[in-house]
Amino acid sequence: MIFAKQALTATGWGKNIRISVRGGRILTVSPDQTPQATDVQVDVLLPALANLHSHSFQRAMAGMTEHRKAGKDSFWTWRDMMYRFTKHLTPEHIEAIAALVFMEMQEAGYASVGEFHYVHHQPDGTAYDDLGELSARIAAAAADTGIGLTHLPVLYTYGGAGQAPLQAGQARFGNTVDRFNALSARARAIVATLPDDCQVGIAPHSLRATCPDDLVAVLQAHDAGPVHIHIAEQPKEVADIAGWLSARPVEWLLQNADVSTDWCLIHATHMTSGETQNMAKSGAVAGLCPITEANLGDGPFNGPTYLLHGGAFGIGSDSNVLISLTEELRTLEYSQRLRDMARNVMVDGEGSIGETLYCGAARGGAQALGRGAGVIAVGEWADLVAIDSADPALCALPAQQLLDGLCFAARDRVITDVWSAGRHCVQAGKHVKSDQITAAYRSAMCSLMSVL
Ligand code: ZN
């Protein structure tokens, strides 16, 4: 049992809440209780967020791409560096990096992750003996850390818009539709060995890395579950797709695919007002990655129009250059304030920004990962996070302002405990396997740096 002095449940803020968990799901939520000796006692309990978009391996190159060279650095020069880095990753590196990343996510307050997984093959593009070798490495990292995994194998067939051939740096990503379907089946078998909350979706990488016929084919082969796609991250991508398909990326996708609540459109940065409205009405989740979008110079999301039309959104750490849930949320709001020269932008009408951001991302993130979670309610997965409201950043705030304090004033140190589907992985602010996972990561990085 978990006892919380305060908790934000599906019915609002309550005091002295006891929660029981069975089979990873919330069995009972009882207010106005007395703690029992065997209870895990925490201060403030919240639904934990899903991190809906991650490429875990990119964590290992954080800090390596912040040096300006002659000419203008851009998303595309960053991508060249990422390709060079990817060439040297072994399966062992990929597993050790993913474990560190998943651990850092849990310590930052995330209970689950959508791993958008596109490095599938050996450096020259040859498949491993087990087509799902690298999916198995991601699953092993999830098993090690206890994070709730939604594994998203990526279809990546072309090197650019108009079915351009893959470049050398993209050889590890490439699959035809048939090989992708075989890989997805293998990934399902691998993830079936994980706890029941873990699952597999699909991720056509982007419109530029696939083509209309292939997109139809993989969607037809996909029974149910999440569909994620990168879209409209960069102006060049919008221009390339418009030149090829005679429509802007989001416009084209909404007209040509049955985009609905199973879908998560990652970034969706460059949209017209009409695209923004239509995407909001589709029921899909906007997968926003504010720290990475700032780091890569993508641009700000069209938040006010999207919220006005009831759009769902969630948060992802994408390149994992910095894993911080609180900083993701405040960066999202600050990007809007800087563009609009206004305050308190990410709310429709009046209300708390912190609550809109946190609760919106909790619901949207869970939706995007196909995960019954995002609120504390009976029957949902027990994805829970506890924070310490006695921290100096929060100690003056009543319950109704705690989420504003968390989003704008607190550091991640206020997070004390995290449960992923009932697995109590973070305790007293630290992952229960922190020492072992960190040591394995350091060792992997030594090995990797010796060949870079
Ligand atoms: Zn991404």
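Order of appearance sets the numbers: ligands from 1, and atoms from 1 within every ligand.
Inclusion of D318 in the first shell of the Zn ion (ligand 1) is supported: an N, O or S atom falls under 2.8 Å. Residue contacts to the Zn ion (ligand 1): H267 brings no N, O or S atom closer than 2.8 Å. The Zn ion (ligand 1) does not have C289 among its coordinating residues (no N/O/S atom, backbone or side chain, under 2.8 Å).
Ionic pairing of R371 and D383 is present here: one or more N-O contacts between side-chain nitrogen and carboxylate oxygen are shorter than 4.0 angstrom.
The Zn ion (ligand 1) sits nearest to atom NE2 when only the N, O or S atoms of H230 are considered.
In summary, of the residues considered (S112, P226, C264), a side chain to side chain contact (heavy atoms under 4.5 Å, CB included) with L52 occurs for C264 alone.
Ring geometry, H151 versus H117: the interplanar angle falls from 30° to 60°, so the pair is classed tilted.
A donor and an acceptor atom, one from each side chain of T269 and D298, are nowhere located under 3.5 Å apart.
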